[in-house]
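Okay, structure first, notes after.
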Number of protein chains: 2
Amino acid sequence: MPAGRPMRADARRNYDKIVATARVVFAERGTDCSLDEIARRAGVGPGTLYRHFPTREALVDALMKDWAGRVVRDAEAAVTADLPARATLMTWFESFVEHITLHRGAAAKLCAAMDDPSSPIFGKCQIMGEANRRVLDHLEARGELRPGVDAQNVMRIIGGIASVTDSSRVDLDVRPMLEVVVDGLVTD
Amino acid sequence: MPAGRPMRADARRNYDKIVATARVVFAERGTDCSLDEIARRAGVGPGTLYRHFPTREALVDALMKDWAGRVVRDAEAAVTADLPARATLMTWFESFVEHITLHRGAAAKLCAAMDDPSSPIFGKCQIMGEANRRVLDHLEARGELRPGVDAQNVMRIIGGIASVTDSSRVDLDVRPMLEVVVDGLVTD
DNA sequence: CCAGAATACGGAGACTGTCTCCGTTTTAGC
DNA sequence: GCTAAAACGGAGACAGTCTCCGTATTCTGG
């Protein structure tokens, strides 16, 4: 991002207050909570919130500041652990699901943004996509992946599992589902 | 459903008008359109709509009157065609996705209702679940399915793929994704 | 066929959430 | 300090959900 000139002190203060409050409220009520409530609890007017974050996704994006680093780190860890393909994929996919379901409702938003370059969180999807490709390429190079598998589609499948799990009333275990996908990806 | 007494003539008339209009508006704008708009276009007051259909899902459910029959028929067809496991699953899963994405936004609602007996469309999920189990049981009996696969989870995975596809801005082909899942389900 | 009871209608409006506009306040730079 | 630029914040427009209750329609039995 172009630096522009530094933010004015009050702007910076409010920006930070909003982000901090959003983190709390998103955790409490999920990503679809009222934005005006966040503004109220942050002690700013709604106008201030919307000036800093024109859309809900822009706010979600701001919360994911250090998220990208964690994603890349986990992908790298899965690769360097140098385990059998099945274990590598399971580890990575579990991380994937965990990252994408940080807040309730986030998974569906991320999935929807995967093919929407105009979305503020499209960049995050790209990062996720690159991390995912990193893992798959590694396995492919070792011939442990079935040919013709598109990394983007793998991301969609795992994203779908995460979304469904996230929107379910009950607490589901994603691993059996991930195992099916893993079995569908590895060569035997 | 217990018959109760027959509906009053005007009630029946309005009920039918609302359902017919909802079919049109859902097709135009998806399952998340304004319910008041449906009422307006059906020429009834909002009160009337909400009396007949207390929730949006109750209305969705009413639209799926003949849906259940089609689902069961397709599952049966996939079984009786007696094709190899891969082809059977692909055929069935493609039908599954088609049925669950009848209207934009429907897939996510169906998935969320899968584990929510209080949802008006829970019954539809049950039907879908039984149809799906029917197909999987058939393959399992022939030893063409990997052991330990839970039909409910398969439904969630396919539902997830459908949801993600449905919410995507671009027009995706689900088949490559379904193929991964199929590969993960069949014995080689 | 008509009167009365039962049922259903419908729309005004309460409520909640989104988002904007613009008069007022705060900050930064000189 | 003074001024211009930047940011604030909250009133309020707008849209969607959903309810309440006075009014209208339908059904029933005499």
Side-chain angles (χ1 to χ4, degrees), chain A residues 1-22 24-26 28-62 103-105 108-109 112 118-121, chain B residues 1-22 24-26 28-62 103-105 108-109 112 118-121:
Chain A
M1 46 176 128
R5 70 181 52 182
M7 273 175 118
R8 235 174 68 170
D10 52 351
R12 162 101 272 142
R13 219 160 33 228
N14 283 328
Y15 182 100
D16 290 342
K17 266 195 292 184
I18 291 168
V19 169
T21 308
V24 173
V25 183
F26 279 178
E28 275 177 23
R29 298 216 208 290
T31 326
D32 292 316
C33 69
S34 157
L35 295 183
D36 276 22
E37 183 188 343
I38 294 177
R40 204 176 330 118
R41 285 173 58 170
V44 305
T48 301
L49 187 149
Y50 285 99
R51 196 171 335 97
H52 286 298
F53 309 101
T55 69
R56 182 183 300 272
E57 299 195 338
L59 181 51
V60 171
D61 185 59
H103 299 295
R104 195 150 29 84
K109 285 184 181 54
S118 74
S119 167
I121 51 176
Chain B
M1 45 176 130
R5 69 183 52 184
M7 272 176 120
R8 232 174 71 170
D10 54 348
R12 163 100 272 145
R13 225 165 25 232
N14 283 329
Y15 182 99
D16 290 341
K17 266 195 293 185
I18 292 168
V19 169
T21 308
V24 174
V25 183
F26 279 177
E28 276 177 23
R29 300 216 208 288
T31 325
D32 292 317
C33 68
S34 158
L35 294 184
D36 276 22
E37 183 189 345
I38 293 178
R40 205 176 329 114
R41 285 173 59 170
V44 305
T48 299
L49 188 150
Y50 284 100
R51 195 169 337 97
H52 285 298
F53 309 101
T55 68
R56 183 182 299 272
E57 298 196 337
L59 181 51
V60 171
D61 184 58
H103 299 293
R104 197 151 27 85
K109 284 183 182 57
S118 74
S119 167
I121 51 176

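Quick note on labels: first sequence line is chain A, next is B, and so on, each numbered from 1.
The shortest distance between side-chain heavy atoms of Ile38(A) and Leu59(A) falls below 4.5 Å. Counting only heavy atoms from C-beta outward, the side chains of Asp36(A) and Tyr50(A) approach each other to under 4.5 Å.
Nearest-nucleotide positions on DNA chain C place Gly45(B) closer to the 5' end than the other of Gly45(B) and Arg51(A).
Between Leu49(B) atom CG and dT17(D) atom P there is a gap of 10 Å when expressed in whole angstrom units. Across the protein-nucleic acid pair, His52(A) atom NE2 and dT20(C) atom P stand 15 Å apart, rounded to whole Å. For the pair Met7(A) CE and dA28(C) P, the interatomic distance rounds to 12 Å; values are reported in whole Å.
Shown here are the side chain to side chain contact (heavy atoms under 4.5 Å, CB included) partners of Asp10(B), two or more places apart in sequence or in another chain: Arg8(B), Arg13(B). In this structure Tyr15(A) satisfies the ring-ring contact (aromatic ring centres under 6.0 Å, His included) test together with His52(A), Phe53(A), sequence neighbours excluded. A search for side chain to side chain donor-acceptor pair (under 3.5 Å) contacts involving Glu37(B) returns Arg29(B), Arg41(B), not counting sequence neighbours.
Less than 4.0 Å separates DNA chain D from at least one heavy atom of each of the following residues of residues 8-17 of chain A: Arg8(A), Asp10(A), Ala11(A), Asn14(A).
Rounded to the nearest 0.5 angstrom, Thr31(A) OG1 and Glu57(A) CD are separated by 10.0 Å. Once rounded to the nearest 0.5 Å, the distance linking CG of Asp32(A) with CZ of Arg56(A) reads 5.5 Å. Taking CG of Asp16(A) as the reference point, atom CE of Met7(A) lies at 7.5 Å (rounded to 0.5 Å).
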query: Can you give one letter per nucleotide of nucleotides 13-19 of chain C, 5' to 3': B if a protein heavy atom sits under 4.0 Å from the base, S if only from the sugar-phosphate, - if neither?
result: ----SBB
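Nearest approach of Val25(A) to Cys33(A), heavy atoms of both residues: CG1-SG, 3.6 Å.
Residue Thr48(A) has no polar side-chain atom (N or O) positioned under 4.0 Å from OP1 or OP2 of dA7(D).
Comparing the helix axis at one end of the helix from dC1(C)-dG30(D) to dC30(C)-dG1(D) with that at the other, each defined from 5 consecutive pairs, gives an inter-axis angle of 10° (nearest 10°).
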